[in-house]
Amino acid sequence: MTNSPFPYTFDRRDTCASVVSRFGALGPGSSTGVAVSVAGRVMLMRPQGKLAFARLVDASGSIQLFASQADTGNFEELSKLSLGDWVGVDGEVITTKKGELSVKVDTWVLLAQARRGFGDKWKGISDPDLRYRQRYVDLWANPSSRESLLMRAATISFIRNWLEKRGFIEIDTPVLHPIAGGATARPFVTTHNTLDMDLYLRIAPELYLKRLVVGGFDRVYEIARVFRNEGMSPRHNPEFTMLELYQAYSDYNDAMVLIKELLMDLAKELTGDLVLTYQGNLIDLGSTWEKRSLSELVSEAIGLEVSVSTDREVLVEQCKARDIQVKDDWGQGKLILELYEKTCEATLWGPIFVTDFPREVSPLARAHRSQPGLTERFELIIAGRELVNAFSELCDPDDQRSRFESQAAIKASGDDEAMEVDEDYLRALEYGLPPTMGLGMGIDRLVMLLADVSTIKEVIAFPTLRPEVY
RNA sequence: GCGCCUCUAGCUCAAUGGCAGAGCAACGGACUCUUAAUCCGCAGGUUCUGGGUUCGAAUCCCAGGGGGCGCACCA
């Protein structure tokens with residue numbers, strides 16, 4: 001048997017789940033007369049003399065196989081299958097004397113062998129290194145791994161549908177950028193041989209998507225893989241997935257309305273509830289989403305009324321009191337942001353909109369219409385983490401140029417995460433960007449919330465790891 | 001990059017300075033209603049690597065490597 005070549009196809013007409021849902025309620029010892037064909041891996045095998053019971057698992061679920069020497073072709077070989085072997089089975093749907101719904105194997109074929117085992121059949125595998133390196137094993141050993149990836153797929157699919165119903169179109173923008181813009185982060189650098197130049201893997205699709213708004217796509221988005229050459233952690237992977245969307249004729253208040261609707265609809269559809277349980281705590285998306293300004297939150301946290309116009313020395317002192325390494329070129333805006341990140345962010349459970357970020361730390365956001373030194377920008381915090389960053393987009397080319405120039409100055413003084421002047425982007429703005437809101441959301445972190453997992457590696461099929469040494 | 005923790009059979013784990021073990025998987029066998037089947041048998045090891053201390057090291061120490069968590073950076 002094992003010497004014969006494996007078949008190239010199998011006519012699988014039923015899934016385990018479809019058989020279970022069609023025949024789930026039969027009493028013990030039933031025969032249905034209905035023939036099905038199923039395929040998958042044999043994950044448990046209980047040979048018992050002239051009978052054998054096996055658990056067949058496929059992408060949909062699992063069902064018991066019942067085989068007997070009297071009725072099953074190649075019975076001896078069947079009862080000797082290794083755990084993990086792939087088989088295709090034709091047989092009748094029955095229940096056993098004990099009432100277990102089963103496919104009574106008539107004929108079957110070995111589709112592929114598992115030369116290696118899938119871990120302890122009760123405890124599976126738990127070593128994180130092994131699980132992430134050999135995801136093909138983990139997915140069989142740990143059903144929750146499969147569920148997390150299914151949740152990810154469902155989330156992305158839902159978002160695309162939801163946005164498209166509202167007139168958004170998705171357009172792919174370049175991954176290879178001559179200038180790494182749209183965010184402050186260290187990029188991965190690569191080289192194009194023919195052009196003989198460095199290119200950067202994108203850290204954000206933002207500047208290209210806004211060029212598309214200039215080009216007339218007034219509702220545009222991209223679900224974009226982006227790359228940041230930064231540290232790795234349970235919440236950071238070097239490549240991750242962002243939703244960025246832009247809607248013309250709108251401001252950041254409209255962005256708050258939109259994201260709240262999107263997240264509520266998403267949770268209802270995917271979990272059936274507006275209340276998520278995350279790591280043992282509740283996140284109520286049906287509640288009123290609080291809206292607080294950044295300086296308000298910082299003032300509360302440090303017990304001192306501060307803003308971007310507070311005397312710089314006062315802010316420096318507050319930072320130093322909290323072990324923040326202050327740099328000489330930090331202005332009040334940066335100092336306030338540092339204070340916020342140190343004292344507030346992780347303590348906010350949310351959902352909460354943190355609004356009105358300093359101009360100094362928001363080089364692509366439009367100046368606040370009434371508050372000098374601030375921008376119309378918010379972050380949505382859920383479970384102590386930034387999930388969304390959004391603003392009224394900066395449309396004024398002159399203002400944008402001066403922001404780029406301050407960024408370039410910071411970069412020149414040694415911060416390799418700061419932005420450069422992007423002349424083509426400035427030219428695009430000179431053609432006119434209408435009032436526009438833009439919003440970015442970390443898809444991986446969103447899925448972490450929905451799947452209730454504590455590390456980003458759980459929601460990425462193949463997270464970045466050091467290469468294995470063989 | 002720094003700090004703490006961790007690494008034993010394919011998997012999950014014991015052995016706390018004194019003979020490296022168990023369950024599961026694999027392999028051989030028994031069994032006509034199992035449900036992590038049960039039972040019998042067999043095999044499986046550079047205890048992550050390299051040094052050191054010791055009569056003796058999986059165990060203690062040093063260095064290196066993988067991983068986890070935290071910090072930093074960032075989303």
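Every heavy atom of this structure was used, including side-chain atoms; hydrogens, water molecules and symmetry mates were not.
- The phosphate of B:C33 (OP1 or OP2) has no side-chain N or O of A:Thr95 nearer than 4.0 angstrom.
- Within 4.0 Å (heavy atoms only), A:Arg466 reaches sugar-phosphate atoms of the nucleic acid but no base atom.
- Looking at heavy-atom distances under 4.0 Å, A:Asp120 makes contact with a base.
- None of A:Tyr200, A:Tyr208, A:Tyr425 except one satisfies the ring-ring contact (aromatic ring centres under 6.0 Å, His included) rule with A:His177; the exception is A:Tyr208.
- In this entry B:A43 has no Watson-Crick or G-U wobble partner, no candidate having both defining distances under 3.5 Å.
- Residue order along RNA chain B, read from the 5' end via each residue's closest nucleotide, puts A:Ser454 first among A:Arg445 and A:Ser454.
- Look at B:G64: its Watson-Crick or wobble partner, with both distances under 3.5 angstrom, is B:C48.
- Nucleotide B:C33 holds its C1' atom 14 Å from the CG atom of A:Asp71, rounded to whole Å.
- Using atom P as the reference point in both B:G17 and B:G70, the two lie 32 Å apart (nearest Å).
- Using modelled atom types and a 3.5 Å distance limit, the side chains of A:Ser144 and A:Asn142 yield no donor-acceptor pair.
- Ion pairing of A:Lys342 with A:Asp323 is absent here, as no side-chain N (NZ or NE/NH1/NH2) approaches a carboxylate O to less than 4.0 Å.
- A:Glu376 has no carboxylate O lying under 4.0 Å from a charged side-chain N of A:Arg359, or vice versa, which leaves the two without a salt bridge.
- Between the P atoms of B:G44 and B:G23, the separation comes to 16 Å (whole Å).
- Base pairing of B:A72: no nucleotide in any strand meets the Watson-Crick or G-U wobble criterion (both distances under 3.5 Å).
- Using a 4.0 Å heavy-atom distance criterion, A:Arg235 is classed as a base contact.
- A:Gly84 comes within contact range of no nucleotide atom at all, as no heavy-atom separation falls under 4.0 Å.
- Two residues, A:Gly231 and A:Leu81, neighbour RNA chain B, and the one matched to the more 5' nucleotide by heavy-atom proximity is A:Leu81.
- Using a 4.0 Å heavy-atom cutoff across all strands shown, A:Gln69 reaches no nucleic acid atom at all.
- Residue-level contact check: A:Lys104 touches neither bases nor backbone, having no heavy atom under 4.0 Å from any strand.
- Between the P atoms of B:C24 and B:U38, the separation comes to 7 Å (whole Å).
- A distance of about 15 Å separates the P atoms of B:A58 and B:A15, rounded to the whole Å.
- Comparing the C1' positions of B:C62 and B:U53 gives an interatomic distance of 11 Å, to the nearest angstrom.
- Note: CZ (A:Phe53) to C1' (B:A36) measures 15 Å, nearest angstrom.
- With respect to the salt-bridge test (charged N to carboxylate O, under 4.0 angstrom), the residues A:Glu76 and A:Lys80 do not qualify.
- The distance between atom CG of A:Leu65 and atom P of B:C33, rounded to the nearest whole Å, is 18 Å.
- Using P as the reference atom, B:A57 and B:A20 are 10 Å apart when rounded to the nearest Å.
- In the model, A:Arg46 has a side-chain atom that pairs as donor or acceptor with a side-chain atom of A:Gln64 under 3.5 Å.
- When the side-chain nitrogen and oxygen atoms of A:Arg116 are compared with OP1 and OP2 of B:G10, none of them lie within a distance under 4.0 Å.
- Remark: A:Ser102 is not in phosphate contact with B:C33, judged by side-chain N or O atoms under 4.0 Å from OP1 or OP2.
- Residue A:Phe118 is classed as having no contact, given no heavy-atom separation below 4.0 Å to the nucleic acid.
- Taking a pair to require two hydrogen-bonding distances under 3.5 Å in either a Watson-Crick or a G-U wobble arrangement, B:A22 pairs with B:U12.
- Spacing between B:A26 and B:C33 at atom C1', rounded to whole Å, works out to 26 Å.
- One finds a salt bridge joining A:Asp14 and A:Arg22 here, because a Lys/Arg side-chain nitrogen approaches an Asp/Glu carboxylate oxygen to under 4.0 Å.
- Within the 4.0 Å cut-off from OP1 or OP2 of B:U32, not a single side-chain nitrogen or oxygen of A:Ser68 is found.
- Pairing each heavy atom of A:Ser454 with each of A:Gln279, the nearest pair is CB-OE1, 3.3 Å.
- The two residues A:Ile156 and A:Ile443 have their closest heavy-atom pair at CG1-CG2, 3.9 Å.
- Under the Watson-Crick and G-U wobble criteria, each requiring two contacts below 3.5 Å, nucleotide B:C31 is left unpaired.
- Taking both residues in full, the closest heavy atoms of A:Arg41 and A:Ala114 are given as NH1-CB, 4.2 Å, listed atom of the first, atom of the second, then distance.
- If you check B:A36 for Watson-Crick or wobble pairing at under 3.5 angstrom, you find it has no partner at all.
- Rounded to a whole Å, the CD atom of A:Glu206 is 13 Å from the C1' atom of B:A75.
- Contacts of A:Asn237 with the nucleic acid, taken as non-hydrogen atoms under 4.0 Å apart, include base atoms.
- Of the candidate nucleotides B:G70, B:U12, B:C27, B:G70 has the atom lying nearest to any side-chain atom of A:Pro234.
- Between A:Asp356 and A:Arg377 there is no salt bridge, since none of the side-chain N atoms of the basic residue sits less than 4.0 Å from a carboxylate O of the acidic one.
- Checked against B:A25, B:A72, B:C33, the side chain of A:Leu83 finds its nearest nucleotide in B:A25.
- When the C1' atom is used for both B:C5 and B:C39, the distance is 42 Å, rounded to whole Å.
- The side chain of A:Asp129 lies closest to B:G67 when the candidates are B:G67, B:A72, B:A36.
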- Task: Spell out protein contact along nucleotides 37-42 of chain B as letters: B when the base is contacted, S when just the sugar-phosphate is, - when no protein heavy atom is under 4.0 Å; keep the 5' to 3' order.
- Result: B-----

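- Here A:Arg133 lies in heavy-atom contact (under 4.0 Å) with sugar-phosphate atoms only.
- The OH-C1' distance, from A:Tyr136 to B:C11, rounds to 15 Å in whole Å.
- Summarising the geometry, the separation between CD on A:Glu417 and P on B:A72 is reported as 14 Å, rounded to the nearest angstrom.
- The base of B:G67 lies outside donor-acceptor range of the side chain of A:Asp127, with no N or O pair under 3.5 Å.
- In this structure, A:Lys80 atom NZ and B:A30 atom C1' are separated by 12 Å, rounded to whole Å.
- Atom CD in A:Glu341 sits about 13 Å away from atom P in B:C71, given to the nearest Å.
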